[in-house]
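To start, the structure itself, in structure tokens.
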Amino acid sequence: QLRLVESGGGLVQSGESLRLSCAASGFGFSGYAIGWFRQAPGKEREGISCISAGGEHIRSPPSAKGRFRTSRDNTRNTAYLQMDGLEPEDTGVYFCARSRQTFFACSLQEVDFTSWGQGTQVTVSS
């Protein structure tokens, strides 16, 4: 019964912030990396953040550097994505997923992840 549930999306204006949560159940959460991905309308899904099982390794693309910060609380089986300075180009559906491999160092490639959540919508107006 592996499950990941994203929450925290919504409608915001340019420059505002959102904090997304990824609640996990049905597996040993503390042994897996968590990746964050987004899909804008008409575009491919892209990796925007990854945090390793213990939080030691974090990866993000240039578009997210300095604006998006991921963290996790293994006692609560939850990962977080803090998004600051949101812009209209950040609009899309945001997903979290679990790494296929235990104690994965992290990547931004969706093929390295599984057990995708249903996604949460983020809309940024100008």
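All values below were derived from every heavy atom in this structure, side-chain atoms included, with hydrogens, water molecules and symmetry-related copies excluded.
In this structure, the side chains of R98 and L2 come closer than 4.5 Å at one or more pairs of heavy atoms. Residues R38 and S63 meet the side-chain proximity criterion, which asks for heavy atoms closer than 4.5 Å. For the pair S14/V124, a side-chain contact is recorded, criterion being any heavy-atom separation below 4.5 Å from C-beta on. Side-chain atoms of F27 and L4, non-hydrogen and from C-beta on, do get closer than 4.5 Å to each other. F68 has its side chain within reach of L86: a pair of non-hydrogen atoms, C-beta onward, lies under 4.5 Å apart. The closest side-chain heavy-atom distance from Y80 to L20 is not below 4.5 Å. By the 4.5 Å heavy-atom criterion applied to side chains, Y94 and M83 are counted as neighbours. Looking only at side-chain heavy atoms (C-beta outward), Q1 and S25 stay at 4.5 Å or farther from each other.
Taking each heavy atom of F29 and A24 in turn, the nearest pair found is CD1-CB, 3.4 Å. T91 and P41 get closest at one heavy-atom pair: O-CD, 4.2 Å. Taking each heavy atom of A33 and S52 in turn, the nearest pair found is CB-CA, 3.9 Å. Annotation for T78 and S21: closest pair CG2-CB, 4.3 Å, computed over non-hydrogen atoms. In terms of heavy atoms, S107 sits closest to D112 at OG-OD2, 2.6 Å.
Taking CD of Q13 as the reference point, atom CD of E87 lies at 11.5 Å (rounded to 0.5 Å). Taking SG from C106 and CZ from R59, the interatomic distance works out to 6.5 Å, rounded to the nearest 0.5 Å. From I51, atom CD1 reaches atom OG of S99 across 12.0 Å, with rounding to the nearest 0.5 Å. Interatomic distance, CD of Q109 versus CD of E46, reported as 11.5 Å (0.5 Å rounding). Atom OG of S30 is separated from atom CG of D73 by 11.5 Å, given to the nearest 0.5 angstrom. Interatomic distance, H57 NE2 to F103 CZ, rounded to the nearest 0.5 Å: 11.5 Å.
When the shell of 6.0 Å around CD of E89 is examined, it contains more than 12 heavy atoms from other residues, nucleotides or ligands.
Y32 and V5 end up in different hydrophobic clusters when Ile, Leu, Val, Met, Phe, Trp and Tyr side chains are linked at under 4.5 Å. Taking hydrophobic clusters as Ile, Leu, Val, Met, Phe, Trp and Tyr residues chained together by side-chain heavy-atom distances below 4.5 Å, F113 shares a cluster with F95. Residue V122 is grouped with residue L81 when hydrophobic side chains (ILVMFWY) are merged at heavy-atom distances under 4.5 angstrom, including chains of intermediate members.
A donor-acceptor pair under 3.5 Å is formed between the side chain of R100 and the backbone N or O of V111. The backbone N or O of G54 sits nowhere less than 3.5 Å from a side-chain atom of N74 that would complete a donor-acceptor pair. No donor-acceptor pair closer than 3.5 Å links the side chain of R19 to the backbone N or O of G8. Listed for the Q118 side chain is a donor-acceptor partner under 3.5 Å among the backbone atoms of E6.
Taking the ring centroids of F37 and W116, they lie under the 6.0 Å cut-off.
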